[in-house]
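Taking it in order: structure first as structure tokens, then the write-up.
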Amino acid sequence: MNKTLIVLLGPTGIGKSDLASKIAQYYQTEIISSDSRQIYRELSIGTAVPPFEDLKKVKHHLVHSHSIHDYYSASRFEQDSLKILESIFDTKDVAIMTGGSMLYIDAVCKGIDDIPDADPKLRAELIEEYEEKGIEHLRMQLKGLDPAYYDQVDKKNHMRLLHAIEICLTTGKPYSSLRTQTAKERPFSILKIGINRDRAELYQRINHRVDIMIQQGLEEEARQVYELRHLNSLNTVGYKELFAFFDGEIDRDKAIELIKRNTRHYARKQLTWFRKDKNITWFKPENEKEIINFTNQELEVKI
RNA sequence: GGUGCCAUAGCUCAGUUGGUAGAGCAAUGGACUGAAAAUCCAUGUGUCCCUGGUUCGAUUCCAGGUGGCACCA
């Protein structure tokens with residue numbers, strides 16, 4: 001029998017978790033979270049981790065599985081997810097993946113190139129160089145190391161430049177030679193379900209959800225990790241704005257306003273990414289029955 | 001009821017000594033292979049409140065109207 005991964009995706013705050021839980025219960029299976037921030041056990045309120053009852057009812061993977069101190073990446077996510085999927089598919093025919101991290105979802109569905117992790121020391125050095133000498137310095141360095149990639153890279157984006165340089169230096173090969181740009185084969189089928197709603201309504205829900213997070217104690221949660229604010233895992237909407245408030249740079253209301261805005265921006269960015277993916281079948285979140293009908297139909301075709 | 005001030009982008013406002021307009025915020029589109037909730041790029045037509053007058057030409061000046069605010073009764 002064919003194994004199928006149902007990927008439930010959509011912008012933040014749309015109601016994915018809730019729906020995923022229902023679908024998982026329907027198929028009596030487990031959920032893998034594809035959310036780059038819910039993996040951190042130190043964060044809960046600001047990352048909208050599903051409520052305890054849901055986590056109890058349905059087995060969730062990659063939620064609170066790591067620490068904010070851990071190094072993590074899309075590639076690690078690919079490896080972790082594939083391992084978990086293998087074990088789920090041992091006993092079940094369907095697995096659910098849900099979460100809004102676009103690159104993570106693609107890493108599992110399409111694969112990510114086999115490139116070694118960059119040495120953290122080297123990365124730190126390169127960042128320092130960038131801060132001292134500016135972006136032009138990075139451009140020149142990359143031009144020397146990998147002219148082919150230099151031609152196609154976004155030259156205003158220091159992260160792209162930095163990453164290419166660090167890979168060239170750690171592997172001794174041009175970064176572009178390691179990029180295969182081809183999708184990996186998976187031993188299971190993938191069914192992508194997108195959920196979305198009217199933009200104004202989505203934004204209202206996002207704004208409201210931020211107010212609720214504040215009521216639930218997001219400020220206290222942020223305060224507990226304030227000292228670690230330099231960690232990449234805390235360069236996260238909902239936390240970075242409160243850190244700016246703690247620093248006295250902005251007032252509390254401003255911080256809340258910025259959390260709302262940045263969450264809206266994030267939702268928009270997700271929609272931009274998903275729009276490109278023609279394999280997604282879109283539904284309204286309230287149409288649970290239609291979604292189940294659709295997945296059942298698709299699963300039958302595959303059997 | 002009287003007097004004064006205001007009416008310009010979704011919001012707050014600037015501006016045009018009369019030649020049909022621009023900032024901030026918000027919003028929108030896009031890029032994306034180990035930091036991705038990250039990072040980067042791009043986008044400003046709006047009856048300049050309405051009607052009439054002056055003028056070659058009015059969003060700008062004048063009159064009236066409408067709405068808002070303030071003060072006086």
Side-chain angles (χ1 to χ4, degrees), chain A residues 11-13 16 33-40 43 45-49 68-80 99-120 122-124 126-127 130 135 138-139 149 152-168 170-171 175-184 199-200 202-203 206-207 209-210 213 218 222 230-243 250 254 257-277:
Chain A
T12 186
K16 290 187 293 294
S33 160
S34 51
D35 186 303
S36 69
R37 305 293 139 150
Q38 283 183 9
I39 63 166
Y40 299 118
L43 313 179
I45 299 170
T47 55
V49 164
I68 52 174
H69 298 277
D70 296 338
Y71 171 80
Y72 207 70
S73 69
S75 170
R76 296 269 171 106
F77 180 77
E78 178 196 26
Q79 292 161 24
D80 289 348
S101 300
M102 306 85 83
L103 182 63
Y104 282 23
I105 295 170
D106 279 1
V108 170
C109 296
K110 299 179 187 165
I112 194 162
D113 287 329
D114 230 6
I115 295 175
D117 287 345
D119 174 18
L122 174 66
R123 177 173 286 188
L126 286 170
I127 290 171
Y130 161 62
I135 198 158
L138 294 182
R139 290 190 196 124
Y149 188 66
Q152 64 184 93
V153 73
D154 175 358
K155 291 170 193 64
K156 290 184 175 168
N157 192 332
H158 69 276
M159 289 212 184
R160 297 274 146 70
L161 297 167
L162 276 169
H163 182 240
I165 293 168
E166 69 189 7
I167 294 305
C168 291
T170 34
T171 62
Y175 176 55
S176 55
S177 72
L178 301 166
R179 284 160 57 89
T180 64
Q181 316 235 50
T182 49
K184 289 181 189 167
R199 187 69 66 97
L202 173 64
Y203 282 6
I206 287 173
N207 293 342
R209 192 176 70 162
V210 172
M213 285 176 177
L218 178 59
H230 60 276
L231 293 173
N232 170 62
S233 50
L234 293 176
N235 186 184
T236 297
V237 175
Y239 299 87
K240 57 183 175 183
E241 298 85 355
L242 285 168
F243 296 155
I250 54 176
K254 182 71 181 173
E257 193 190 312
L258 287 176
I259 293 172
K260 290 177 181 173
R261 187 202 62 187
N262 290 339
T263 306
R264 292 195 299 267
H265 285 177
Y266 175 48
R268 216 178 67 210
K269 210 171 67 171
Q270 290 172 307
L271 289 167
T272 298
W273 184 291
F274 295 143
R275 219 171 276 146
K276 272 193 311 194
D277 191 337

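Predicted model only: the values in this text are computed from it and were never measured. Convention: sequence-line order gives letters A, B, ...; per-chain numbering from 1.
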Enter syn or anti for the glycosidic conformation of G68(B), syn applying to angles within 90° of 0. anti
Across the strands shown, which category fits D114(A) at heavy-atom distances under 4.0 angstrom: base, sugar-phosphate, nothing? base
If I pick the C1' atom on G19(B) and the same atom on G57(B), what distance separates them, to the nearest angstrom? 7 Å
Report the distance from atom CD1 of I68(A) to atom P of A35(B), rounded to the nearest whole Å. 17 Å
Starting from P on U28(B), measure out to CG on L271(A) and report it in whole angstrom. 10 Å
Integer angstrom distance from the P of U43(B) to that of C5(B): 41 Å
Determine the contact category for L161(A): base if any of its heavy atoms lies under 4.0 Å from a base atom, sugar-phosphate if only primed atoms, P, OP1 or OP2 are that close, otherwise nothing. nothing
Span that lies between the C1' atom of A42(B) and that of C32(B), in whole angstrom: 15 Å
Any-strand Watson-Crick or G-U partner of U43(B), both distances under 3.5 Å: A27(B)
Look at Y71(A) and G34(B) and indicate whether a side-chain polar atom (N or O) is within less than 4.0 Å of OP1 or OP2. no
Are any of R179(A)'s side-chain N or O atoms less than 4.0 Å away from OP1 or OP2 of U33(B)? yes
Taking only the side-chain heavy atoms of Y175(A) (C-beta and beyond), determine which of A35(B), U33(B), A27(B) contains the nearest atom. U33(B)
Between C1' on C25(B) and CZ on R264(A), what's the gap in Å once rounded to a whole number? 11 Å
Quick one, T180(A) with D113(A), criterion side-chain hydrogen bond (donor to acceptor under 3.5 Å, both in side chains). Give me CA distance, side-chain angles, the key distance, then yes/no. CA-CA 7 Å; T180(A) 64; D113(A) 287 329; 2.4 Å; yes
Give the rounded distance in Å between these two atoms: CG of N207(A) and C1' of A27(B). 13 Å
For G67(B) and U51(B), measure between their C1' atoms and round to the nearest Å. 15 Å
Whom does A7(B) pair with, Watson-Crick or G-U wobble, provided both distances fall under 3.5 Å? U66(B)
Scan side-chain atoms only and decide if D35(A) and Y40(A) contain a donor-acceptor pair under the 3.5 Å cut-off. no
Under 4.0 Å, heavy atoms only, any strand: does K276(A) hit a base, just the sugar-phosphate, or nothing? base
Checking N1-N3 plus N6-O4 or O6-N4 for Watson-Crick, or N1-O2 and O6-N3 for wobble, each under 3.5 Å, the partner of A14(B) is none
Whom does A38(B) pair with, Watson-Crick or G-U wobble, provided both distances fall under 3.5 Å? none
Rounded to whole Å, CG of L258(A) lies from P of G24(B) at a distance of 17 Å
Nearest-Å distance once atom C1' is located in both U8(B) and A70(B): 22 Å
Hey, could you give me the CG/CD1 distance between L258(A) and I250(A), rounded to the nearest 0.5 Å? 5.0 Å
To the nearest angstrom, how far is Y203(A) atom OH from A27(B) atom C1'? 7 Å
Could you state the interatomic distance from CE (M213(A)) to CG (L242(A)), rounded to the nearest 0.5 Å? 11.0 Å
Under the side-chain hydrogen bond (donor to acceptor under 3.5 Å, both in side chains) criterion, do S101(A) and R37(A) qualify, and how do the steps go? CA-CA 9 Å; S101(A) 300; R37(A) 305 293 139 150; over 6 Å; no
What interatomic distance, in whole Å, is found between C1' of A9(B) and the corresponding atom of A21(B)? 11 Å
Under 4.0 Å, counting only non-hydrogen atoms across every strand here, what does I167(A) touch: a base, just sugar-phosphate, or nothing? nothing
Measuring to OP1 and OP2 of C25(B), would you say a side-chain N or O of R261(A) lies under 4.0 angstrom away? no
Considering only atom P, compute the distance from G44(B) to C13(B) and round it to an integer number of Å. 24 Å
Could you tell me the separation between the CD1 atom of I165(A) and the P atom of A35(B), rounded to a whole number of Å? 14 Å
Could you write nucleotides 36-44 of chain B as a row of B, S and -, 5' to 3', where a protein heavy atom under 4.0 Å of any base atom gives B, of only sugar-phosphate atoms gives S, and otherwise -? BBBBSS---
Give the rounded distance in Å between these two atoms: NE2 of H163(A) and C1' of C32(B). 13 Å
What's the separation between atom OH in Y239(A) and atom CG in L234(A), rounded to the nearest 0.5 Å? 8.0 Å
Are K269(A) and W273(A) in a cation-pi contact, defined as NZ or CZ under 6.0 Å from the six-membered ring centre and within 45° of the axis? no
Rounding to the closest angstrom, what is the interatomic distance between U66(B) and G46(B) at atom P? 30 Å
Complement of G19(B), any strand, by Watson-Crick or G-U distances under 3.5 angstrom: C56(B)
Are D70(A) and R76(A) within salt-bridge range, i.e. N to O under 4.0 Å? no
Considering only NZ, NE, NH1 and NH2 on the basic side and carboxylate oxygens on the acidic side, decide whether K254(A) and E241(A) come within less than 4.0 Å. no
Could you work out which one of U33(B), C32(B), G34(B) sits closest to the side chain of T272(A)? C32(B)
Just verifying a value: how many Å separate N262(A) CG and T12(A) OG1, rounded to the nearest 0.5 Å? 12.0 Å
